[in-house]
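In what follows, a single structure is set out as structure tokens and then discussed.
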There are 2 protein chains.
Amino acid sequence: MARDRVTINDVARAANVSAMSVSRVLNGRPGVGKQTRKRIEEAVEELGFRPSALAVGFRQGRLLGSVGMIIPRADPPLFSSLAAEIDERIASAGLTTVMASSGRNAERERSLARGFLAMGFEGLLLFSEDDDHAYLQPELDRGKSIVFLGSPPRNVRAPSVLVDNRAGAVDALGLLARRGHRRIAVVGSEATYQASERVAGAREAMGDLAPAEVQVVTTEITTEGGYRAGRSLLDAPGAPTGILCTNYLLTVGTLRAIRDSGRHVEVVSFDDFDTADLLTPPVSAISQDPHAIAEQASQLLLQGLDAGDRDAQVTTVTIHPRLLARGA
Amino acid sequence: MARDRVTINDVARAANVSAMSVSRVLNGRPGVGKQTRKRIEEAVEELGFRPSALAVGFRQGRLLGSVGMIIPRADPPLFSSLAAEIDERIASAGLTTVMASSGRNAERERSLARGFLAMGFEGLLLFSEDDDHAYLQPELDRGKSIVFLGSPPRNVRAPSVLVDNRAGAVDALGLLARRGHRRIAVVGSEATYQASERVAGAREAMGDLAPAEVQVVTTEITTEGGYRAGRSLLDAPGAPTGILCTNYLLTVGTLRAIRDSGRHVEVVSFDDFDTADLLTPPVSAISQDPHAIAEQASQLLLQGLDAGDRDAQVTTVTIHPRLLARGA
DNA sequence: CTGTTAGCGCTTTCAG
DNA sequence: CTGAAAGCGCTAACAG
């Protein structure tokens, strides 16, 4: 029973009124008698009627109350905590954040971004790993509010909240050098914008660190990749005594490699994580403050939503990550 | 320019054809001449036309290709890894997973669940913390595929993938007892179904553990709550030597309390986490295998989507969590 | 307080 | 190969 969608007309018929009265009741609008209202409410309940958000959205030309957020993956702690923080702020502005993950696939990222906007979401938070965003020009022209997170918009003008990845990497190497390490390694990756910025930062800093030697190993962004990179560093002669890992997963893998090697190696992790202070020895970290990023991002997004048509100047916020020196 | 939504009619006009031909081209359907097709494609490009997913969905009565997933929060590692695993599987079935988090608020959870279904998603994965799901009856009657994760459907029949939380807690206490601990504590919470099941399991097991003494402390599910609970246990006389933490956040907080107290305490964590094996001493864990859960959940969901109208029997899959004994 | 009309953007159906 | 008509469910705008 009730296999077919129950429409507003079914309710109207059951309550012996017009669809308009039902609509008014549904939306809590005045202009319906107490009796009638009651009959309608009963009919709604009876039939299990749910207004089709699709029809409403279609009618209004947009889906009110929702913004989209696209992240590369749901599981890295940074993305998930950022997502949670942003979600909270958007929620307290009375909106719903709808998320999807691109699975680190640019094609999927694009179709999600377009899809969300086509579904009538008026705002989009885009944690992009794509290197061209020109395809979003039409939706920007149409006044959609798009905020880039973590990596800058390419070939398109839009507000963004960025992190100074290079500076973070420089700080991290500085700490290792200050702590007396002379053989330093960087376990990194070129797979994403963030990762390669960090590696680039490390490369830039190398010159200033003499007499310390810095070697860079790149690998895929997985714990396994980190483990292999760590093993290869530690098994070779002249193994490093200090390592910067440019990503959480690489940190975990490298830490396992260090444990298995039995050596004492100091690690700095780009991206802090819950248990960094609990490890022995504690792991120092470059922390991208999720609060700060979430705060800026949600503010920019909400501003963009309000802005309506006037195209405000495009804001870029760059956050300098903090070095959390632990141990020693 | 292009402030207003570009519609299929604008494209049709620009290309000097009817809307139907544009529609055919858009959907890759045959029956359009090469020349015409080309003109239309150019006009689409020119105008930056994007078909309104809202209009299409409305027309078809549903939003094809998407399923919804609701999680309590995006940041706990278990939810985020589960979300990522499920997303992957749904994606390889050619569908998109759209996520939202309830912020641990039952009201929000309901409106999201209804909202997703009202938006025309045909499937919903619900990681619920609500204790009544009768409100979903109408959508189930209408043939929506809803799969419950982690906690059972209440007052409604729907497939679910559950974890035997009690058994996990029993296993964990068993490990501590086997390892010779005679003063054991449980840091838990009654705030959610999962948490209270675990505490209940621990209470059940207490009798069988004599001569060990087991005390239970409940607190809020945050690292701070775990820290406070840990401190209160460790500062009191007869402090426990083994602690079961029934939730990741509680584990982190308790571990900090242990570190600060300078004591040696063995911890078992309900829910494994990346760095559990890297801590000193290593932290044993009760692991809810995200792969297994994701596998079952996505399968049930996809089955439900295919099922159409025939209401198959309602499947409940219960997964027995694994004890990962570490150290010692 | 209540109802009628019209149309949002798209696609199905049926004619040419 | 192409187009005209009709309608999906809902709500503004306008009667009554």
Which pairs with one or both residues in residues 74-88 of chain B pass salt bridge (charged side-chain N to carboxylate O under 4.0 Å, His left out), sequence neighbours excluded? A/Arg73-B/Glu88, A/Arg108-B/Asp87, B/Arg73-B/Asp75, B/Glu85-B/Arg89
Counterpart residues, salt bridge (charged side-chain N to carboxylate O under 4.0 Å, His left out), relative to A/Arg154 (two or more places apart): none
Start and end of the DNA chain D segment that chain B contacts, any atom under 4.0 Å from a heavy atom: D/dC1 to D/dG9
Can you run down the ring-ring contact (aromatic ring centres under 6.0 Å, His included) pairs that involve residues 93-124 of chain A, sequence neighbours left out, and say none if there aren't any? A/Phe116-A/Phe121
At a heavy-atom distance below 4.0 Å, which nucleotide of DNA chain C is the first touched by chain A, and which is the last? C/dC1 to C/dG9
B/Phe49 vs B/Arg24, nearer the 5' end of DNA chain C by closest nucleotide: B/Phe49
For B/Arg110, all residues meeting salt bridge (charged side-chain N to carboxylate O under 4.0 Å, His left out), sequence neighbours excluded: B/Asp130
Spell out, as yes or no, whether a donor-acceptor pair under 3.5 Å connects the side chain of B/Glu109 to the backbone of B/Glu129. yes
Can you see which heavy atom on B/Ala134 is nearest to which on B/Asp132, and at what distance? N-OD1, 3.0 Å
Measuring from B/Met69:CE to B/Leu149:CG, what's the distance to the nearest 0.5 Å? 8.0 Å
DNA chain D: 5'-proximal contact among A/Arg59 and B/Asn16 (nearest heavy atom): B/Asn16
With axes from five pairs an end, tell me the bend angle of the helix from C/dC1-D/dG16 to C/dG16-D/dC1, nearest 10°. 40°
For A/Val25, side chain to side chain contact (heavy atoms under 4.5 Å, CB included) partners two or more places apart: A/Val32, A/Arg37, A/Ile40, A/Glu41
List in chain and number order the residues that pass salt bridge (charged side-chain N to carboxylate O under 4.0 Å, His left out) with B/Arg29, two or more places apart in sequence or in another chain; answer none if no residue qualifies. none
Quick check on contacts: within residues 25-45 of chain B, what sits under 4.0 Å from DNA chain C by heavy-atom distance? B/Asn27, B/Arg29
Considering residues at least two apart in sequence or located in another chain, which fulfil the salt bridge (charged side-chain N to carboxylate O under 4.0 Å, His left out) criterion with A/Arg13? A/Asp10
Any ring-ring contact (aromatic ring centres under 6.0 Å, His included) pairs touching residues 34-58 of chain A, not counting sequence neighbours? A/Phe58-B/Phe58
A/Ala14 versus A/Leu47, closest heavy-atom pair with distance: CB-CD1, 4.1 Å
Indicate the atoms forming the closest heavy-atom contact of A/Met119 with A/Leu63, along with that distance. O-CD2, 3.3 Å
